[in-house]
4 protein chains.
Amino acid sequence: MRYLTAGESHGPQLTAIIEGLPAQLPLTAEMINKELKRRQGGHGRGRRMQIETDTVEIVSGVRHGKTLGSPVTLVVTNDDWKHWTNIMGIEPIEDTEEVKRKISRPRPGHADLNGGMKYGHRDLRNVLERSSARETTVRVAVGAVAKQLLSQLGIEMVSHVTEIGGIKVNPESYNGKSVAEIREAVEKDAVYCADPSATQQMTDLIDETKKNGDSIGGTVEVIVEGMPAGIGSYVHYDRKLDAKMAAAVMSINAFKGVEFGIGFEMARKPGSEVHDEILWNETEGYTRKTNNLGGFEGGMTTGMPIVVRGVMKPIPTLYKPLQSVDIETKEPFQASIERSDSCAVPAASIVAEHVVAWEVANALLEQFDADQLPRLQDNIANYLSYTKEF
Amino acid sequence: MRYLTAGESHGPQLTAIIEGLPAQLPLTAEMINKELKRRQGGHGRGRRMQIETDTVEIVSGVRHGKTLGSPVTLVVTNDDWKHWTNIMGIEPIEDTEEVKRKISRPRPGHADLNGGMKYGHRDLRNVLERSSARETTVRVAVGAVAKQLLSQLGIEMVSHVTEIGGIKVNPESYNGKSVAEIREAVEKDAVYCADPSATQQMTDLIDETKKNGDSIGGTVEVIVEGMPAGIGSYVHYDRKLDAKMAAAVMSINAFKGVEFGIGFEMARKPGSEVHDEILWNETEGYTRKTNNLGGFEGGMTTGMPIVVRGVMKPIPTLYKPLQSVDIETKEPFQASIERSDSCAVPAASIVAEHVVAWEVANALLEQFDADQLPRLQDNIANYLSYTKEF
Amino acid sequence: MRYLTAGESHGPQLTAIIEGLPAQLPLTAEMINKELKRRQGGHGRGRRMQIETDTVEIVSGVRHGKTLGSPVTLVVTNDDWKHWTNIMGIEPIEDTEEVKRKISRPRPGHADLNGGMKYGHRDLRNVLERSSARETTVRVAVGAVAKQLLSQLGIEMVSHVTEIGGIKVNPESYNGKSVAEIREAVEKDAVYCADPSATQQMTDLIDETKKNGDSIGGTVEVIVEGMPAGIGSYVHYDRKLDAKMAAAVMSINAFKGVEFGIGFEMARKPGSEVHDEILWNETEGYTRKTNNLGGFEGGMTTGMPIVVRGVMKPIPTLYKPLQSVDIETKEPFQASIERSDSCAVPAASIVAEHVVAWEVANALLEQFDADQLPRLQDNIANYLSYTKEF
Amino acid sequence: MRYLTAGESHGPQLTAIIEGLPAQLPLTAEMINKELKRRQGGHGRGRRMQIETDTVEIVSGVRHGKTLGSPVTLVVTNDDWKHWTNIMGIEPIEDTEEVKRKISRPRPGHADLNGGMKYGHRDLRNVLERSSARETTVRVAVGAVAKQLLSQLGIEMVSHVTEIGGIKVNPESYNGKSVAEIREAVEKDAVYCADPSATQQMTDLIDETKKNGDSIGGTVEVIVEGMPAGIGSYVHYDRKLDAKMAAAVMSINAFKGVEFGIGFEMARKPGSEVHDEILWNETEGYTRKTNNLGGFEGGMTTGMPIVVRGVMKPIPTLYKPLQSVDIETKEPFQASIERSDSCAVPAASIVAEHVVAWEVANALLEQFDADQLPRLQDNIANYLSYTKEF
């Protein structure tokens with residue numbers, strides 16, 4: 001399975017094509033739109049999030065509510081495009097015509113300067129229109145399709161915010177809870193936390209940061225429940241599923257770190273307190289006493305929940321300016337801003353959930369008989385019986 | 001550029017084939033062997049590391065000391081193979097013949113159980129022989145070839161240990177130093193630290209842990225100096241170089257987390273203290289006041305040093321046993337051990353350095369005219385002039 | 001560079017996303033539309049070709065007439081979609097609702113039966129909507145973008161029909177002519193032949209075949225002029241450019257064979273009459289006395305024109321029925337038809353030209369510094385000087 | 001599944017690594033060696049073929065005669081290496097030392113000139129050592145592993161020579177015969193023909209050509225029996241199995257054309273005589289009256305035998321010289337020769353068989369549950385029952 005996304009932030013539309021989905025999967029735009037809405041929520045979003053309501057249209061690969069096995073195209077139209085046709089027009093313009101909102105001042109923390117050099121853009125708008133986090137809209141849409149597939153295979157997942165600007169949740173508040181229980185808590189929380197006791201502090205900090213013209217980052221966690229053991233592989237380094245998942249999380253705009261299970265804590269504990277002891281009983285087959293390793297051993301799933309966390313840097317588009325250099329004059333200036341959010345960590349948790357969903361779904365399709373959903377379901381059920389008795 | 005590795009821990013040899021190297025690159029076995037030796041060093045290694053001295057032989061793709069452009073084959077012969085021909089023999093054996101050292105007891109923290117299920121191995125030796133960290137020998141060898149290419153392009157790198165079992169180095173001790181200076185400090189350090197004041201504490205902890213039959217992990221850092229800006233790309237999520245690098249680091253045996261620049265610290269700082277302000281002067285062109293982002297913006301290099309860290313879990317092969325289940329009887333037992341190290345973090349730093357080298361070299365070959373070294377050197381030099389004036 | 005296409009024959013739209021194009025390439029919808037029009041021409045097309053006029057819209061990756069380096073999305077809207085919303089609707093329908101135009105009768109020569117089995121479709125419309133040659137519309141559009149890139153690099157190409165239903169052109173009529181000259185002849189020819197003396201016979205045969213309710217195939221040739229030598233590679237089998245090009249041509253709907261230069265004739269001639277002797281002069285550098293090998297030696301270009309031919313089978317959608325089996329009743333029947341052309345060879349020549357264009361452009365982007373057009377042009381010009389003096 | 005090959009013609013060894021094979025597949029060197037022997041046979045081979053007897057050694061991925069799921073390494077040692085250590089030595093030599101057998105005279109029809117330019121080799125031996133057909137030894141070895149897998153899945157195949165230097169076999173002689181019957185005929189034939197009546201003429205022509213210092217080419221056919229229907233896919237052009245197979249055949253040294261079923265004949269026949277009518281009966285399920293399309297519709301298998309043919313050009317290494325240019329002096333000369341065969345078509349048929357085997361095996365592994373042989377066998381058997389009843 002593979003996909004491509006396309007579209008500029010203020011262009012006419014975002015598009016994604018997904019190739020390699022099984023046929024016979026029930027799929028509607030509604031299933032995707034509810035996730036797009038979650039991506040637009042969370043305390044601390046700027047004005048843009050409030051005026052837009054992203055909705056997806058499916059324009060290929062689905063007929064009468066079921067996938068055909070052929071490529072699925074997802075389109076998110078930009079309602080605001082009419083105001084941008086001059087600035088972002090596709091067709092050539094006269095040489096004499098002045099391009100409005102031309103940008104020659106790269107913002108620190110963004111792709112502006114390096115992207116301009118790479119592609120030869122002296123109007124840095126040509127970079128930022130694509131490097132913008134707006135692209136994550138379709139990555140969520142693509143992931144929502146993957147999640148729909150996973151749910152048909154008995155695999156459920158949730159994301160939640162674990163830290164914002166130094167304020168951490170208490171893991172005790174959700175440890176031992178199921179994905180469904182955590183999701184219930186998260187969905188009614190203003191900052192998508194599973195620990196409501198941290199919420200007020202976080203929203204206060206967000207508000208204060210906004211007032212200062214500053215921004216804050218945080219960490220998010222994704223939990224996947226119901227995975228069979230042995231997905232991924234140890235036989236070649238580039239087939240390790242946790243490594244692929246790390247790349248996916250790190251590829252989210254502004255993410256700078258990723259860890260599984262207790263993660264960087266493993267540098268501080270002896271092995272005897274880290275590894276997850278193996279148990280067996282007739283009802284469940286093999287299971288583990290703990291899940292410190294976050295569901296992975298040797299690049300393969302253990303059958304325990306996958307637990308992966310990522311860190312998001314503070315949004316670099318600040319009202320509080322940073323020093324930079326104008327590429328035309330080479331003169332220093334205080335970096336200009338685009339309208340922006342002061343904290344996008346809750347939204348980022350939704351993005352993380354969906355990029356993880358893609359990797360998990362893709363790994364299953366690679367491993368099993370995946371042309372059509374009924375055969376895939378049978379094949380996985382059969383594998384689960386086999387591993388239980390192994 | 002791509003490569004495959006092959007070989008079991010106690011099989012006749014490890015092999016790697018690298019396809020896509022430029023022609024005309026000076027390359028000798030000696031250049032690789034010095035890195036293999038570094039991988040075998042570091043305080044805390046077990047007996048195996050001391051009896052083996054890995055050396056590589058080049059058996060294709062190089063003639064009279066220069067690469068041909070054709071695939072390069074690296075072979076590391078197992079000197080101990082003569083003692084393993086019965087246990088690990090390639091040819092079929094009689095059904096009546098008993099297989100010695102058969103393993104039915106999976107070790108927590110290893111690939112044993114999940115790998116056995118996946119591939120249908122009831123003798124778990126069939127898993128552990130490949131999932132063993134012995135494979136990192138050839139990953140280092142492959143990375144050493146990449147490093148040799150990088151050094152011809154003016155790019156230098158080093159790795160060092162930043163934490164072992166909770167004991168951290170002081171970044172002040174190496175901040176501001178060049179790669180060459182850090183390498184000098186590391187090469188004479190018992191645990192590959194750039195901060196000699198931490199060394200004694202670390203070696204003491206390793207010795208104590210060993211005495212307890214336990215194990216400890218830690219964190220390692222890789223620094224790459226001399227990269228042009230704009231390597232990698234923001235235009236599609238799977239072309240971000242930091243994401244590829246995250247996958248590479250996470251794919252090292254026992255690694256469970258990865259971060260760039262100040263990494264997870266970014267969850268705790270406001271944006272105004274995180275982003276790296278942009279400067280320009282005639283001598284250097286564009287540069288940055290700080291390097292908190294570790295050399296990446298928008299999935300592309302910024303021209304500042306790449307700084308990436310990974311966390312290694314404690315080695316799961318413990319003398320202090322963990323509970324597990326025998327797959328034949330389903331009875332619980334105390335997990336068996338293979339001879340092992342109590343701390344492999346210093347060695348892991350060398351592995352990390354080399355997997356990062358590969359990703360960096362590969363990204364350059366993708367972006368530039370890369371069939372032969374002289375044209376590659378010219379093309380990159382030309383790009384550097386261009387970006388300086390941009 | 002890579003691309004995905006999507007869309008069903010009677011769905012709302014065809015879509016393609018191209019990822020990896022250089023920035024700064026002049027590109028307009030008009031450049032693509034003129035090729036789509038050529039694809040719809042040629043004597044012998046059915047009614048559908050006449051009522052539709054395919055036009056493409058660019059909805060990402062281009063601004064003010066130049067590529068941005070970000071993914072380019074091409075959309076071809078189906079004007080007839082309003083008549084198909086019931087039959088091909090995306091949203092679920094009631095279980096009680098009858099699906100119209102359901103197909104349980106697979107047509108020999110089409111993907112119907114095998115595709116139905118593979119994806120579990122008992123309504124074979126779910127197969128034929130995607131396996132239809134309508135998809136070649138966007139493959140042509142994608143190839144037209146590649147051709148635009150090539151023309152900026154001094155590389156020109158043309159396709160022409162060399163045989164229809166056993167009537168062959170006389171190669172003497174175009175041998176020695178330039179691509180521009182052949183294009184001129186082809187563009188005014190009713191069946192896209194470069195030999196006008198064959199045209200009348202071909203059109204007569206097409207008309208007669210149509211009257212009989214039968215269909216005919218033929219062969220087409222693509223010629224590419226201006227390629228540098230040494231594109232592709234012999235060092236690994238899957239890097240041979242002629243092999244990739246063979247796959248591309250064979251992947252066109254209804255194509256069943258492909259050959260380079262004098263192709264299958266090589267089975268009948270001694271080596272002394274096949275190989276292309278090497279010459280050199282100061283003006284041109286290395287050149288060849290003949291071009292029997294069609295521009296390839298060792299999987300690499302020789303600098304002579306690339307000459308590749310493909311054979312298209314007669315369109316399987318016949319008015320003259322073939323025997324098949326109803327998948328519901330397992331009863332034999334005479335295969336049903338969809339409205340169709342009796343000969344699509346001229347159109348197929350356009351498709352072949354464009355899939356070849358893609359492979360050629362892609363090979364150049366892989367080999368040279370390809371992020372932006374100006375640097376690509378410089379790098380190739382520099383290589384051409386180098387090879388001339390080699 | 002993927003593989004890399006490495007090794008120069010006169011280097012120490014050829015190596016291949018296969019990654020992605022199912023575990024539990026019975027595999028021995030002997031199974032591979034019998035195919036290597038067939039590759040070295042056939043009337044018309046030069047002296048080199050007679051002195052060498054290629055044998056493979058398996059050095060990873062197999063234990064006690066069964067695959068482990070980990071990468072399989074195949075090594076073919078060059079017994080003649082001791083005579084080439086000076087000329088082809090890996091280690092650097094003194095600048096003052098003269099390199100023997102240096103080649104500055106490119107041979108028409110070989111990779112010499114274009115490869116020299118591409119990789120910057122002024123000693124063209126650096127090209128020809130890798131572009132040599134010697135590499136096909138390990139491609140056969142790799143394909144032999146694939147064939148062993150296929151035979152465990154009930155799929156059998158054979159290759160035979162269909163034309164040499166204009167002398168064609170009579171298809172009547174083998175039409176309707178099974179793969180096993182054809183193989184029997186071929187194995188005792190001097191030029192690997194399934195039509196013994198053509199053999200004498202062919203061997204005479206080969207001998208006469210040799211006497212003239214010339215060379216001849218021919219065509220070969222590969223037949224695969226027992227494939228399930230629906231392997232490959234029509235949903236995206238690059239997933240068509242016939243297209244992948246075309247690339248594989250075209251990538252064999254000296255191959256210049258490929259066709260399926262009646263191939264280029266389809267340009268001369270009406271559709272009513274080309275397409276394969278569909279039948280059904282309770283014993284076999286769906287079947288076809290004819291197999292003109294060579295087992296493929298819509299890029300997928302039909303369940304009928306796969307029939308693919310390739311054309312090999314005459315070997316370009318002639319005793320009868322061709323004109324070329326010395327790259328040092330730019331002076332014309334009569335092209336030098338290396339010792340060579342006058343006709344390698346029989347050997348090429350074996351190569352074709354094995355590269356096709358790889359593509360077929362790979363397509364099955366992609367489509368089914370492929371980590372271990374028992375589950376793969378079950379999954380395919382289950383699919384066959386399903387398609388029979390479809």
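Order of the sequence lines fixes the chain letters, A, B, ..., with proteins taken first and strands second; residue numbering starts at 1 for each chain.
Put simply, the side chain of A/Lys118 gets close to the backbone of B/Gly232: a donor and an acceptor are under 3.5 Å apart. Side chain of B/His236 to backbone of A/Thr5: a donor-acceptor contact under 3.5 angstrom is found. Formation of a donor-acceptor pair under 3.5 Å by the A/Lys330 side chain with backbone atoms of B/Phe390 is found in this model. With hydrogens and angles disregarded, no donor-acceptor distance shorter than 3.5 Å links the side chain of A/Lys313 to the backbone of B/Met266. Although no hydrogens or angles enter the test, the distance criterion places a donor-acceptor pair under 3.5 Å between the side chain of A/His275 and the main chain of B/Pro314. Distance alone, capped at 3.5 Å, is enough to place a donor-acceptor pair between the A/Glu277 side chain and the B/Gln323 backbone. For B/Tyr386 (side chain) and A/Met117 (main-chain N/O), a donor-acceptor pair under 3.5 Å exists by modelled atom type.
Contact tally against chain A (heavy-atom pairs below 4.5 Å) for B/Pro332, B/Pro108, B/Gly263, B/Ala247: the top residue is B/Pro108. The greatest number of non-hydrogen atom pairs below 4.5 Å with chain B, out of A/Leu279, A/Asp112, A/Val249, is found for A/Leu279. Each of B/Ala229, B/Cys343, B/Gly230, B/Gly298 has some count of heavy-atom pairs under 4.5 Å with chain A, and the biggest count is that of B/Gly230. Each of B/Lys244, B/Glu282, B/Lys269 has some count of heavy-atom pairs under 4.5 Å with chain A, and the biggest count is that of B/Lys269. Your options are A/Thr302, A/Val345, A/Ile231, and the one with the most heavy-atom pairs under 4.5 Å with chain B is A/Thr302. With chain A as the partner, the residue from B/Gly115, B/Pro228, B/Ala243, B/Gly218 showing the most heavy-atom pairs under 4.5 Å is B/Ala243. Between chain B and the residues A/Leu4, A/Asp242, A/Asp238, A/Ile216, the most heavy-atom pairs under 4.5 angstrom are made by A/Leu4. For the set B/Gly109, B/Gly166, B/Gly217, B/Gly261, the count of heavy-atom pairs under 4.5 angstrom toward chain A peaks at B/Gly109. Put simply, of A/Gly299, A/Ala6, A/Gly116, the one with the most heavy-atom pairs under 4.5 Å next to chain B is A/Gly116. Chain A forms more heavy-atom pairs under 4.5 Å with one residue of B/Glu135, B/Met312, B/Met250, B/Arg309 than with any other, namely B/Met250.
Residues B/Asn114 and A/Tyr286 have side chains not in contact (no heavy-atom distance under 4.5 Å, counting atoms from C-beta outward). Contact of the B/Glu259 side chain with the A/Glu259 side chain is not registered, since no non-hydrogen atoms from C-beta on lie closer than 4.5 Å.
Contacts between A/Gln367 and chain B at a heavy-atom distance below 4.5 Å involve the side chain alone, from C-beta outward. Using a 4.5 Å cut-off between heavy atoms, A/Thr209 does not touch chain B at all. Interface remark: B/Ile164 contributes backbone atoms only to the contact with chain A (heavy atom separation under 4.5 Å). Using a 4.5 Å cut-off between heavy atoms, B/Val355 does not touch chain A at all. Heavy atoms closer than 4.5 Å to chain B are found in both the backbone and the side chain of A/Val127. With a 4.5 Å cut-off on non-hydrogen atoms, A/Glu389 touches chain B through its backbone but not through its side chain. Looking at B/Val274, only its side chain comes within 4.5 Å of chain A, counting heavy atoms on both sides. Both the backbone and the side chain of B/Asn253 come within contact range of chain A, each with at least one heavy atom under 4.5 Å from a heavy atom of that chain. Heavy atoms of A/Thr301 lying under 4.5 Å from chain B belong exclusively to its backbone.
For A/Glu8, there are no salt bridge (charged side-chain N to carboxylate O under 4.0 Å, His left out) partners, not counting sequence neighbours.
A/Tyr234 contributes atom OH, which lies 6.0 Å from atom OH of B/Tyr119 (distance to the nearest 0.5 angstrom). Atom CZ of A/Phe264 sits about 7.0 Å away from atom OG1 of B/Thr219, to the nearest 0.5 Å. Considering CZ of A/Arg130 and OG of B/Ser233, their distance stands at 9.0 Å, rounded to 0.5 Å. To the nearest 0.5 Å, atom CG of residue B/Leu322 and atom NZ of residue A/Lys289 are 9.0 Å apart. Taking NZ of B/Lys256 as the reference point, atom CD1 of A/Ile262 lies at 9.5 Å (rounded to 0.5 Å). Between the CD atom in B/Glu331 and the CH2 atom in A/Trp280 there is a gap of 9.5 Å [rounded to 0.5 Å].
Shortest non-hydrogen contact noted between A/Ile278 and B/Leu113 is CG2-CD2, 3.9 Å. When all heavy atoms are compared, the tightest approach of A/Lys240 to B/Ile252 is NZ-C, 4.4 Å. Nearest heavy-atom pair, B/Pro270 versus A/Asp214, reported as atom, atom and distance to 0.1 Å: CB-OD2, 3.3 Å.
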